[in-house]
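Worksheet: the structure to be examined is printed underneath.
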Amino acid sequence: LTPGASYELKTKRSGYAFSVQSNLVVSPEKTSGQLTIILQPSVTMKGRVLDEENHPVAGAMVIALEDAGMAGFGRGGAGFGTMKKDFTRSSAEGTYVLDTLNRNQQYRFGVSALGRAPIFDSQPMMMDSDQTRDFTLSKGGTLTGKVTDSQTGARIEGARVVAIVGNMGMMGPRMPGRGGGAGGGG
C-alpha cells in the first residue's frame, strides 16, 4: 500500500453481509498495522431466471444494488458516495443465490443475459429477511446503425455504444433530435 493514499476495502464472505470501508489512509509514519473487520450475518435473495416459456436462462447476471436513496447524494465528494453492489450468475438450471446482502437495507435488483431484454427494479425492496424471487427475461431486440464524426461525417470504427433503459431520473427528459444518452449515433 502507498503511504498517504486513500483506499476502499471491500470484504465479502458467503453468509455474511458485504462490507465496504471507504477513505482509509495509510499513515506515512506507520506503514503497517492490524485491521479488524467485523461482518454481520447476511440475508439471502435466491430464485430462478427464466425465459418467457419458463425455460431456465443460464449465465444471466443478477445484480443487487444497495439503495441509499437521497442519502447517497453528496457523500464522498463525487455526488454519489460509495455504492454497495453484489452480483452472481445463474446456473445451468437458471438458479441464483445472493447471500451477502445487508439485513434491513433496501436493494434494487437487475437481471441481464445475452440475447434477452434486461430488467431493473424501479423501486427499492427492503431486505429484512431471506427472500425468493424469480425473474422472467423476454427475448431482446437488436439495435443497428453507425457512429460518425460530427465534422466530416466519416464512419468511426470501433466506437462503443451503450444502450441504457430509461434515465433512472438522473438526467431529466430527453429532447427529440438532441442525441445524447446512448453513447453514440444511430
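Keep in mind it's a predicted model, so treat the numbers as computed, not measured.
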Practice task
Would you check, one step at a time, whether the test side chain to side chain contact (heavy atoms under 4.5 Å, CB included) holds for I38 with Q40?
Solution key: CA-CA 7 Å; I38 299 171; Q40 302 294 322; 4.2 Å; yes

[atom1] of [X] to [atom2] of [Y]: how many Å apart, nearest 0.5 Å?
{"X": "D67", "Y": "M127", "atom1": "CG", "atom2": "CE", "value": "13.5 Å"}
{"X": "R108", "Y": "L65", "atom1": "CZ", "atom2": "CG", "value": "9.0 Å"}
{"X": "T44", "Y": "L98", "atom1": "OG1", "atom2": "CG", "value": "8.5 Å"}

Grab the two heavy atoms, one from [X] and one from [Y], that are nearest each other, plus how far apart they are.
{"X": "M61", "Y": "R89", "result": "CE-NH2, 3.1 Å"}
{"X": "A64", "Y": "F109", "result": "CB-CE2, 3.5 Å"}
{"X": "Q106", "Y": "P124", "result": "OE1-CG, 3.5 Å"}
{"X": "P118", "Y": "S112", "result": "CB-CB, 3.9 Å"}

Handout entry: Option passing side-chain contact (heavy atoms from CB on, under 4.5 Å) with T132 (candidates R48, K46, M45)
Key = K46

Problem - Test side-chain contact (heavy atoms from CB on, under 4.5 Å) applied to V111 and V62, D121, I63, V57, the passing residue - result: V62

Report yes or no: does [X] contribute a side-chain atom to a donor-acceptor pair with the main-chain N or O of [Y] at less than 3.5 Å?
{"X": "T136", "Y": "E52", "answer": "no"}
{"X": "D149", "Y": "T152", "answer": "yes"}
{"X": "S90", "Y": "A60", "answer": "yes"}
{"X": "Y96", "Y": "G59", "answer": "no"}
{"X": "R103", "Y": "V43", "answer": "no"}
{"X": "N102", "Y": "F18", "answer": "yes"}
{"X": "D51", "Y": "L137", "answer": "no"}

[X] versus [Y]: any side-chain heavy-atom pair under 4.5 Å?
{"X": "S42", "Y": "L101", "answer": "no"}
{"X": "R13", "Y": "T100", "answer": "no"}
{"X": "T11", "Y": "L39", "answer": "yes"}

Exercise for the section: Output, in order, the C-alpha distance, side-chain angles, deciding distance and verdict of side chain to side chain contact (heavy atoms under 4.5 Å, CB included) for I119 and F135. Expected result: CA-CA 9 Å; I119 56 175; F135 295 95; 3.6 Å; yes

Exercise for the section: Answer yes when E157 and K146 have at least one side-chain N-carboxylate O distance shorter than 4.0 Å, and no when they do not. Expected result: no

Exercise for the section: Please step through side chain to side chain contact (heavy atoms under 4.5 Å, CB included) for the pair Y107 and M125, ending with a clear verdict. Expected result: CA-CA 5 Å; Y107 285 87; M125 175 180 184; 5.6 Å; no

Handout entry: More than 12 heavy atoms of other groups within 6.0 Å of R133 CZ
Key = yes

Exercise for the section: State whether the number of non-hydrogen atoms from other residues, nucleotides or ligands found under 6.0 Å of I37 atom CD1 is greater than 12. Expected result: yes

Practice task
Using the side chain to side chain contact (heavy atoms under 4.5 Å, CB included) rule, take V161 and V147 through it: C-alpha gap first, then chi angles, then the decisive distance, then the call.
Solution key: CA-CA 9 Å; V161 177; V147 178; 3.7 Å; yes

Practice task
Indicate whether any N or O donor in one side chain lies under 3.5 Å from an N or O acceptor in the other, for S91 and E93.
Solution key: yes

